[in-house]
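Values reported hereafter were calculated over all heavy atoms of this structure, with side chains retained and with hydrogens, waters and symmetry mates removed. Just so you know, ligand 1 is whichever comes first in the structure, and atom 1 is the first atom listed for that ligand. Positions are given from 1 along the sequence.
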Amino acid sequence: MALRAASVVSSAFSAPKEGKSSASFKDSSLFGVSFSENLKADFSSVALSCKREFKPVRAQTAATASPAINKSTSDGKKTLRKGSVVITGASSGLGLATAKALAETGKWHVIMACRDFLKAERAAKAAGMPKENYTIMHLDLASLDSVRQFVDNFRRSERPLDVLVCNAAVYLPTAKEPTFTADGFELSVGTNHLGHFLLARLMVEDLNKSDYPSRRLIIVGSITGNTNTLAGNVPPKANLGDLRGLAGGVNGVNSSAMIDGGDFDGAKAYKDSKVCNMLTMQEFHRRYHEETGITFASLYPGCIATTGLFREHIPLFRLLFPPFQKYITKGYVSEEESGKRLAQVVSDPSLTKSGVYWSWNKTSASFENQLSEEASDAEKARKVWEVSEKLVGLA
Ligand code: LMG
Ligand code: NDP
Ligand code: PMR
């Protein structure tokens, strides 16, 4: 433990070398926050959002009969139709808080893509979400068949898709042995990465058909997958290695259940899956942004220490983790606040820049954050993409 602690501390101090920015230790290694980056981000996103407005309109037609921008006859003012956003894992935590924040504006219809229909219905009701602003649709990300079925059902509903949020996740920190998805992938990588990878790859087509002014594909990342931060240096650290386990299908039979080919570790598998999420967002950006104009983004919403994510952790952890984050690291954020942050990434006109990993500083202002060396490795992103395509049957 002493050795582990020492390595955590020393890597925290050397962390800025890993990132590309010149952020100081005080800024970036404790919370991944850099104020200079923040200022830059604000200016560049404003500049970019201005540019985007002058872009020529694409020739594609919308999946919906009603155009995104309607002209009102009385005063000639342009009005925007309700946006249509799919959020996976909207039955609790960040997903639910985001669904609520968006539904309450009256400007969004939220499709809550959940594995437990009844739980989602109860959660939406208890949160007081206006009935007309949400629909629940079944999606189990731990089954590729279910993902394909969801996409079919969604298309049959004839709703447009303006924004897709890949939010659902499982975290299995106490598991001694791996468990697997319907397709035989280790459960956390299978659900958090591969299920979302297939969903996003299929639905990018739907996003491309939407005539909504700002179409976005958002994949939730995390600080713990980024080894350029203190949080990312708490063992076990994320590391995808040479992807040998992923290439073998992370099935624990003819390959390791871990992406890097190592011994199973549930906490590492989760962090690895988050690295895949952040790499996938960037690879989407490189492959699709220029051609489609879709915004691809990831984010770290803050440490939402009270959510269901920690349900598998030991009771003592669940008791101490929230006060630890609130009073010691100060990285704590409430579910409500985290929902507002993700809702901003969905709908804020100033957050249209693509390829960005958003974070928030202590005053809850958004800024473009720096990913770790591994989580921003373009070559690794390409490999994860290609291997994942094979695993989900797209190549
Ligand atoms: C593994 O443990 C788990 O085994 C695995 O299941 C998974 O969860 C994985 O990364 C996730 O972690 C890693 C190990 C790392 O963690 C532990 O052993 C358990 C630590 C539990 C931490 C949460 C609760 C802490 C409660 C502290 C008391 C809070 C009281 C709140 C009241 C506030 C009042 C003001 O652990 C390490 O490697 C330890 C390394 C420590 C390095 C620390 C360096 C910087 C220090 C900064 C401040 C430290 C704060 C105190 C920490 C107390 C730790 C018990
Ligand atoms: P929760 O456990 O509260 O929410 C996770 C959601 O994912 C639940 O709705 C859950 O459904 C759903 N889900 C799990 N497995 C599947 C599946 N197979 N198919 C469909 N849905 C599934 O956790 P959080 O709200 O904390 O997590 C949301 C996101 O935020 C995750 O991507 C996580 O990595 C990220 N994050 C969280 C942080 C935190 O501090 N909590 C920090 C940084 C990032 P059900 O309700 O049925 O269990
Ligand atoms: Mg971490 C310094 C700031 C900081 C932040 C912002 C987080 C976020 N954590 C920080 C520090 C520390 N954590 C320190 C110093 C320790 C050692 C005591 C520590 C421990 C710790 C554990 C055991 N932290 C954890 C765990 C978990 O099981 C959580 C995890 O890794 O899930 C994968 C977790 C988290 N800490 C965070 C965040 C956001 C998490 C949770 C979830 C996530 O990344 O999605």
Please work out, at 4.0 Å between heavy atoms, whether the side chain, the backbone, both, or neither of Leu139 comes within that distance of ligand 2.
backbone
So if I count the atoms of ligand 3 from 1 in the order they appear, which ones are less than 4.0 Å from some heavy atom of Cys303?
37 (C), 38 (C), 39 (C)
Is ligand 2 under 4.0 Å from a heavy atom in the side chain of Leu309, in the backbone, in both, or in neither?
both
Under-4.0 Å heavy-atom contact with ligand 2, by part of Glu335 that carries it:
neither
Atoms in ligand 3 flagged as close to Thr224, the criterion being non-hydrogen separation under 4.0 Å:
31 (O), 35 (C), 36 (N), 37 (C), 38 (C), 40 (C), 43 (C), 44 (O)
Using a 4.0 Å heavy-atom cut-off, say whether Val170 meets ligand 2 through its side chain, its backbone, both or neither.
side chain
Is the closest N or O pair between Leu141 and ligand 2 shorter than 3.5 Å?
yes
Within-cut-off N or O pair, Asp116 and ligand 2, under 3.5 Å:
no
Need the ligand 3 atom indices (1-based, order shown) with element for anything under 4.0 Å from a heavy-atom of His313.
28 (O)
Quick look: Tyr171 vs ligand 2, heavy-atom contacts under 4.0 Å, and the answer is neither
Sequence neighbours left out, cut at 3.5 Å: what donor-acceptor pairs do the side chains of residues 140-151 make with other protein atoms?
residue, atom, partner, partner atom, Å
Asp140, OD1, Ala142, N, 2.9
Ser143, OG, Asp145, N, 3.4
Ser143, OG, Ser146, N, 3.1
Ser146, OG, Asp140, N, 2.8
Ser146, OG, Asp140, O, 3.4

Is the closest heavy atom of Cys114 to ligand 2 under 4.0 Å?
no
For Ala113, is at least one N or O under 3.5 Å away from an N or O on ligand 2?
no
